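Notes follow once the structure below has been shown.
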Amino acid sequence: MASRRSFMLDADTRIDEIGMTVRDARRIASRKDLTDEDKGLYVIAAKILVNGKPIVYDDLMDCFTTEELESITAFLYPDKEADEKNV
């Protein structure tokens, strides 16, 4: 898993963006048991490494605050944040 880019969330937490296969993204998108928000969070978890290690949805939900999750989301999707500011 090669890192595309990274940032330091805090002094001890490095977030790396990694690639995700189309097959994995479609598998998440087709899950009927998940809300759209949960699907997005599953994708975020699949697209990052935390301190060099992969995480899953439960880790994302249990290990980060709302503010930290917003920072991670802004890092992964900078264009989305810019679009929301222009609305």
Side-chain angles (χ1 to χ4, degrees):
M1 289 180 249
S3 175
R4 294 179 176 182
R5 60 193 176 114
S6 64
F7 86 104
M8 294 300 293
L9 183 62
D10 59 36
D12 300 319
T13 309
R14 177 184 167 120
I15 305 294
D16 291 294
E17 178 184 15
I18 58 173
M20 178 180 198
T21 66
V22 173
R23 183 179 306 276
D24 288 340
R26 291 192 54 86
R27 187 177 313 124
I28 292 168
S30 67
R31 288 189 55 182
K32 303 276 189 246
D33 62 320
L34 299 176
T35 65
D36 287 343
E37 182 179 351
D38 284 340
K39 289 176 187 179
L41 292 168
Y42 269 85
V43 168
I44 288 171
K47 290 181 73 167
I48 64 171
L49 300 176
V50 177
N51 295 329
K53 297 182 177 144
I55 66 166
V56 295
Y57 171 85
D58 288 333
D59 297 331
L60 190 69
M61 299 305 290
D62 294 340
C63 297
F64 295 102
T65 65
T66 300
E67 293 80 16
E68 290 170 331
L69 185 55
E70 288 172 356
S71 294
I72 293 167
T73 303
F75 165 69
L76 291 175
Y77 306 105
D79 294 339
K80 183 175 187 292
E81 185 175 291
D83 289 345
E84 289 176 358
K85 288 180 181 177
N86 291 329
V87 172

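What you see is a predicted model, and the numbers here were worked out from it, not measured in a lab.
- Among pairs with a residue in residues 39-61, those fulfilling side chain to side chain donor-acceptor pair (under 3.5 Å) read Asp38-Tyr57, at least two apart in sequence or across chains.
- Residues Ile44 and Tyr77 are in side-chain contact: their nearest non-hydrogen atoms beyond the backbone lie under 4.5 Å apart.
- Shown here is Arg26, whose CZ atom has no more than 12 heavy atoms of other residues, nucleotides or ligands within 6.0 Å.
- Rounding to the nearest 0.5 angstrom, the gap separating the CZ atom in Arg27 from the OG1 atom in Thr21 is 6.5 Å.
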* Between Leu41 and Leu69, does a side-chain contact (heavy atoms from CB on, under 4.5 Å) hold up when you go through it step by step? -> CA-CA 9 Å; Leu41 292 168; Leu69 185 55; 3.6 Å; yes
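- Leu9 has its side chain within reach of Ser71: a pair of non-hydrogen atoms, C-beta onward, lies under 4.5 Å apart.
- Taking every heavy atom of both residues into account, Ala46 and Met20 meet most closely at CB-CE, 3.6 Å.
- Closest of all the heavy-atom pairs between Asp16 and Ser6 is OD1-CB, 2.8 Å.
- Judged as a ring pair (Phe, Tyr, Trp, His ring centres under 6.0 Å), and not counting sequence neighbours, Phe64 has no contacts.
- Taken to the nearest 0.5 Å, the CG atom of Leu60 stands 7.5 Å off from the OG1 atom of Thr73.
- With values rounded to the nearest 0.5 angstrom, Glu17 atom CD is found 8.0 Å from Ser3 atom OG.
- The two residues Gly19 and Arg4 have their closest heavy-atom pair at CA-NH2, 3.5 Å.
- Using a 4.5 Å heavy-atom threshold, the side chains of Ile18 and Ile48 count as separate.
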